[in-house]
Amino acid sequence: QVQLVESGGGLVQAGGTLALSCAARGNFFRINNMAWYRQAPGKQRELVARIYEGNITTYADYVKGRFTLSRDNAKNTMSMQMNSLLPEDTAVYYCNAYAQRTVPATYSMYWGQGTQVTVSS
């Protein structure tokens, strides 16, 4: 099982910067990919960015050029630098991982508890 622990959320003014981090802990063989999702009140959870083992990244259109995803495979951590934040970025951000357990050797999706990001205008 994989436990995902998020950190870095907070309150910033529009145009400000935050950096989110997610640390994966537990008994697993590998993490194929990790991602950040976000969910605002009354809205569906949406994919913000995803990073794969080969460090290939994908970004939602609304964060391209503002957010940057990185991954440290040795430490099993993922970080997302968020620049030029907008009030529309306000949401709970969830870490997501698609990981393979050692026993049994199966892949499963895992979620963190979420960290609040609030951007004031």
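The basis for the numbers below is simple: all heavy atoms, side chains too, and nothing from hydrogens, waters or symmetry mates. Here the structure is a predicted model, which means the values were calculated and not measured.
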Approximate separation, where rounding is to 0.5 Å, of [X] [atom1] and [Y] [atom2]:
X: Thr57; Y: Ile51; atom1: OG1; atom2: CD1; answer: 6.0 Å
X: Ser120; Y: Gln13; atom1: OG; atom2: CD; answer: 5.0 Å
X: Asn96; Y: Arg45; atom1: CG; atom2: CZ; answer: 8.5 Å
X: Gln116; Y: Glu6; atom1: CD; atom2: CD; answer: 12.0 Å
X: Ser79; Y: Leu69; atom1: OG; atom2: CG; answer: 8.5 Å
X: Met82; Y: Arg38; atom1: CE; atom2: CZ; answer: 9.0 Å

Do [X] and [Y] come within less than 4.5 Å of each other through their side chains, counting heavy atoms only?
X: Thr68; Y: Tyr59; value: yes
X: Met78; Y: Cys95; value: yes
X: Tyr52; Y: Asn32; value: yes
X: Val48; Y: Tyr62; value: yes
X: Thr118; Y: Val12; value: no
X: Asn27; Y: Arg101; value: no
X: Gln81; Y: Leu18; value: no
X: Arg25; Y: Asn76; value: no

Open item on the list: Could you walk me through whether Gln100 and Phe28 satisfy the side-chain contact (heavy atoms from CB on, under 4.5 Å) test, starting with their C-alpha distance in whole Å, then the side-chain angles of each, then the deciding distance to 0.1 Å, before giving a yes or no?
Closed with: CA-CA 6 Å; Gln100 184 181 35; Phe28 57 89; over 6 Å; no
Open item on the list: I'd like to know if Tyr110 and Leu20 are part of one continuous hydrophobic network [Ile/Leu/Val/Met/Phe/Trp/Tyr, side-chain heavy atoms within less than 4.5 Å].
Closed with: yes
Open item on the list: Please say yes or no: joined through hydrophobic side-chain contacts below 4.5 Å, possibly via intermediate residues, are Val63 and Met34 part of one cluster?
Closed with: yes
TODO: Starting from the C-alpha separation in whole Å, work towards a yes-or-no answer on side-chain hydrogen bond (donor to acceptor under 3.5 Å, both in side chains) for Asn73 and Arg71.
DONE: CA-CA 6 Å; Asn73 292 328; Arg71 178 177 178 178; 2.6 Å; yes
Provide the closest heavy-atom pair for [X] versus [Y] in the form atom of the first, atom of the second, distance.
X: Ser121; Y: Ala14; answer: CA-CB, 4.4 Å
X: Ile31; Y: Ala99; answer: CG1-CB, 3.9 Å
X: Ala24; Y: Val2; answer: CB-CG1, 4.0 Å
X: Leu47; Y: Ala35; answer: CD1-CB, 3.8 Å

Open item on the list: Assess, by modelled atom type and distance only, whether the side chains of Asp72 and Thr77 contain a donor and an acceptor separated by less than 3.5 Å.
Closed with: no
TODO: Verify whether one side chain among Asn33 and Arg50 offers a donor that lies under 3.5 Å from an acceptor in the other.
DONE: yes
TODO: Can you establish whether the number of heavy atoms outside Gln113 located under 6.0 Å from its atom CD is more than 12?
DONE: no
Open item on the list: Determine whether Tyr93 and Met80 satisfy the following criterion, side-chain contact (heavy atoms from CB on, under 4.5 Å), listing intermediate values before the conclusion.
Closed with: CA-CA 11 Å; Tyr93 284 70; Met80 184 165 67; 4.1 Å; yes
Open item on the list: Using the ring centroid of each side chain, check whether Phe67 and Trp36 are separated by less than 6.0 Å.
Closed with: no
- [ ] May I ask you to check whether Tyr98 and Tyr107 place their ring centres under 6.0 Å from each other?
- [x] yes
TODO: Show the numbers, then the answer: is there a side-chain contact (heavy atoms from CB on, under 4.5 Å) between Val119 and Leu86?
DONE: CA-CA 6 Å; Val119 184; Leu86 302 169; 5.5 Å; no
